[in-house]
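Here's the structure, in structure tokens; my notes come after.
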Amino acid sequence: MVGSIVLWGLMAWITWDTWVEPFVDFGRELYVPWRISEGDRLFHDIAYFNGPVSPWWNALGFRLFGPSIQTLTRINLFLNLVFTVLLYRFLRRWFAMAAATGASIVFSIVFVFPHLTVNNAFNYIAPYSHEAVHSLYLSFAVLALAIRPGVFSCVGTGFCFGLVCMMKPETGVAVAGALVLVVSLHRRDPHGPADRVRIRVLTWIVSACAAVFIASTAISADCELTEAVMHAMGAWRFTFRPEVSATPFYRLTSGMGDPVGNSMAMVANAVGILCLTGIGIWVSLRAGRIRTARNKWRLYLVVMASTAVTCRLVFPLITWHALPRSLPVLLVVSLVACVALRRTFPCTPLHTSCTILLPFAGFGLLLLLKIILFARLYHYGFVLALPASITVIIMLMQIIPETLRLHHGEPRFFRDPAVIVLACLIIGHMIPAWHHHQNAFTVFESERGHLITDRRGDYLQKIVDTVEAVLDPTDTLAVLPQGVIINFLTEHRSSVRHVVFMPTELAMYGEKTIIDEFATHSPDFIILRDRSTAEHGVEFGSGYGVDLVNWIEAHYRPVEQIFPPRIGGKFGVLLLARDRSRMPDPHN
């Protein structure tokens, strides 16, 4: 465990304060809790499509330590360190040291800190959505508590499950599936009255409902209880709306944009990995038949050298980011293998390991549904692919080697080459992360904290300086389509409830509703900025939000062109003020 903590600390030190994405998504994660900490009410004064748990938690941090970038990142660092320790302790309790250590190393190096894409909103310290990270933490808590006996564990399981359901629908579905597996595995193994299946399930349900009820009661001060429950459940009310779930962006991220091609890539990668796994199993079984230690060592050195040379030769030829596409297939194979091994080796440590791993593997497979045909370790995969990756590591580091031992094979002949391949996979993912990290050279400083980013830091600095020079302290400001971090950094609140105006948000709330909000609570100033939305297939002001932009241009006048329009852009960064001759002050 000490080694895992040291590695985590080293990664934190290398990437220190480079985690914040200056414009995409994280600004919302700063602005919303700041406004809550100042007295605004979620869902009443601020339109928010996720549940209230994460904003309330972050608002508490701002209330205790002051609103700043560093407050949020330091809290997230602490939470992640605690989770890293607990993850290792949980894995070490049920699995071998090699499996626990390997999973902890991959978690810290590949998932927590690295800057794998130009958009740096996909890390655990400054995530694009705190609900994604917080729900994952709580999901592990649900799985850890669900396999323990006792009333306290049952209540904790259900309460954490309720919190997860209020955060992310995809995570809630995955945890529910994992709990079904837990029930099916233990339905014939009660340990007392509190652990009978019906009582356990009932306790889970009641505790989950209690969590939702508490949140709904707090929200209901501003609305009817039924509406408060809908707000508490967050994005569930939008999940099945086709104008949201069937957009080009979600089709692209799930792989449904090219289902045939992505399916072929997934199967091809899985077949290659399974073939290599089969070769490793065959070599291990053959090694078990060798009687002399000298011959075993000779074969071991040949296997290790061959693995290292092969990895070195094929390293430049492999697209390492494409390998995780096989995760859904590997998870299905892992589930089938664990079920078969439980039946084949009862009353053995392997039986126990497979029993613990099955719900975890089911959770990982269901969590991949959002990216099922485009599984990856970057973008949404930094959260969605973590349980699946840990499952595969446990299979490689413990389940398969232990099975080989029971079949009189030599586990080290499989496990040690697998370590080399895993190391290559880590290095392959770290190369682009290092390149992005090298570009983080601009330090942005403000009273609300600082961040280290690429040249967009100068871009952000000029916008902030202009806003502070032109606006009075009491003026309100709205930034479209995205850039609410400017409000946070300049301490100018927005007068409208909505804070982000991307295609998804306009599809959720309706463009007319947002225009009416602007007409009723018109901000003193508006910033229109070019923000590429190519991943959505439309551009702001031309492909979507046309009526909103037309309304703004009819009621606001340009004040300053902070940046000229980019190639193909429409606004650049344009500061506008309310035209009082066309629209009176709505606050008077």
Side-chain angles (χ1 to χ4, degrees), residues 25-76 129-131 134 163 166-167 211-225 227-234 446-449 464 467-468 471-480 482-501 505 509 513-514 516-527 578 585-588:
D25 293 328
F26 189 66
R28 176 193 61 207
E29 303 301 300
L30 292 165
Y31 178 82
V32 172
W34 167 52
R35 293 314 312 155
I36 295 173
S37 70
E38 294 289 326
D40 284 355
R41 294 159 294 178
L42 196 62
F43 307 116
H44 182 270
D45 301 313
I46 305 168
Y48 197 71
F49 59 85
N50 284 322
V53 180
S54 293
W56 284 350
W57 167 260
N58 291 335
L60 176 62
F62 281 172
R63 184 70 67 87
L64 293 175
F65 305 109
S68 73
I69 294 173
Q70 271 56 55
T71 294
L72 205 51
T73 56
R74 301 310 182 254
I75 291 174
N76 290 339
S129 169
H130 279 84
E131 286 81 8
H134 291 166
L163 295 178
M166 287 190 285
M167 292 180 179
V212 177
F213 178 76
I214 292 171
S216 301
T217 302
I219 298 169
S220 65
D222 301 311
C223 60
E224 296 294 331
L225 183 60
E227 185 180 356
V229 172
M230 292 179 59
H231 287 316
M233 294 306 294
S446 77
E447 294 182 0
R448 286 293 182 90
V464 169
V467 169
E468 291 179 339
L471 275 66
D472 291 332
T474 58
D475 286 336
T476 55
L477 171 69
V479 184
L480 290 80
Q482 196 173 45
V484 73
I485 193 173
I486 297 169
N487 295 80
F488 177 80
L489 294 173
T490 60
E491 302 184 39
H492 286 281
R493 63 182 296 271
S494 174
S495 60
V496 296
R497 296 173 59 248
H498 304 273
V499 296
V500 179
F501 306 90
E505 282 73 16
Y509 297 106
T513 300
I514 294 176
D516 291 343
E517 180 74 20
F518 270 86
T520 306
H521 304 91
S522 304
D524 297 307
F525 290 85
I526 288 177
I527 289 179
R578 187 174 62 249
D585 190 344
H587 307 297
N588 293 330

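With sequence neighbours excluded, the residues satisfying side-chain hydrogen bond (donor to acceptor under 3.5 Å, both in side chains) with Thr71 are Ser68. By the ring-ring contact (aromatic ring centres under 6.0 Å, His included) test, Phe501 is found to be paired with Phe518, residues two or more places apart in sequence or in another chain being considered. With sequence neighbours excluded, the residues satisfying salt bridge (charged side-chain N to carboxylate O under 4.0 Å, His left out) with Asp40 are Arg35, Arg493. In this view, Asp475 satisfies the side-chain hydrogen bond (donor to acceptor under 3.5 Å, both in side chains) rule with no residue, not counting sequence neighbours. A search for side-chain contact (heavy atoms from CB on, under 4.5 Å) contacts involving Ala211 returns Phe159, Leu163, Met166, not counting sequence neighbours. A search for salt bridge (charged side-chain N to carboxylate O under 4.0 Å, His left out) contacts involving Arg448 returns Glu491, not counting sequence neighbours. Checked against side-chain hydrogen bond (donor to acceptor under 3.5 Å, both in side chains), His231 has the following partners two or more places apart in sequence or in another chain: Glu227. Asn76 meets the side-chain hydrogen bond (donor to acceptor under 3.5 Å, both in side chains) test with His130; sequence neighbours excluded.
The structure places NE2 of His498 at 10.5 Å from CD of Glu505, a figure rounded to the nearest 0.5 Å. Atom CD1 of Ile486 sits about 12.0 Å away from atom OG of Ser494, to the nearest 0.5 Å. A distance of 5.0 Å separates CG of Leu477 from CD1 of Ile527, quoted to the nearest 0.5 Å. To the nearest 0.5 Å, the span separating CD1 on Ile75 from CG on Leu64 amounts to 7.5 Å. We find the CH2-CZ distance between Trp34 and Phe62 to be 10.0 Å, quoted to the nearest 0.5 Å. Rounding to the nearest 0.5 Å places CE of Met230 at 11.0 Å from CZ of Phe43.
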**Message:** Determine whether Asn50 and Ser129 satisfy the following criterion, side chain to side chain contact (heavy atoms under 4.5 Å, CB included), listing intermediate values before the conclusion.
**Reply:** CA-CA 9 Å; Asn50 284 322; Ser129 169; 3.9 Å; yes

**Message:** Would Val484 and Val479 count as a side chain to side chain contact (heavy atoms under 4.5 Å, CB included) here? Give the steps.
**Reply:** CA-CA 6 Å; Val484 73; Val479 184; 5.8 Å; no

**Request:** Show your working on side chain to side chain contact (heavy atoms under 4.5 Å, CB included) between Ile485 and Leu30 and close with a plain yes or no.
**Result:** CA-CA 7 Å; Ile485 193 173; Leu30 292 165; 4.0 Å; yes

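When all heavy atoms of Ile526 and Pro523 are compared, the closest pair comes out as CG1-CG, 3.8 Å. When all heavy atoms of Ser522 and Thr476 are compared, the closest pair comes out as O-OG1, 4.4 Å. Nearest heavy atoms, Tyr31 versus His492: CE1-O, 4.5 Å. The minimum heavy-atom distance linking His521 with Val496 is given by the pair O-CG1, 3.3 Å.
Remark: the backbone N or O of Cys223 is not paired with any side-chain donor or acceptor of Ser220 at under 3.5 angstrom.
With contacts defined as side-chain heavy-atom distances shorter than 4.5 Å, the pair Val467/Phe525 does not qualify. Annotation: side chain of His44 is not in contact with side chain of Ile219 (no heavy-atom distance under 4.5 Å).
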Side chains of residues 51-61: which donor-acceptor pairs under 3.5 Å do they make with residues two or more places apart or in other chains?
{"unit_1": "Ser54", "atom_1": "OG", "unit_2": "His134", "atom_2": "ND1", "d": "2.8"}
{"unit_1": "Asn58", "atom_1": "ND2", "unit_2": "Ser54", "atom_2": "O", "d": "3.4"}

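Other residues, nucleotides and ligands contribute only 12 or fewer heavy atoms inside 6.0 Å of the CZ atom of Phe213.
Applying the salt bridge (Lys or Arg N to Asp or Glu O under 4.0 Å) test to every pair with at least one member in residues 52-72, sequence neighbours left out, gives no pairs at all.
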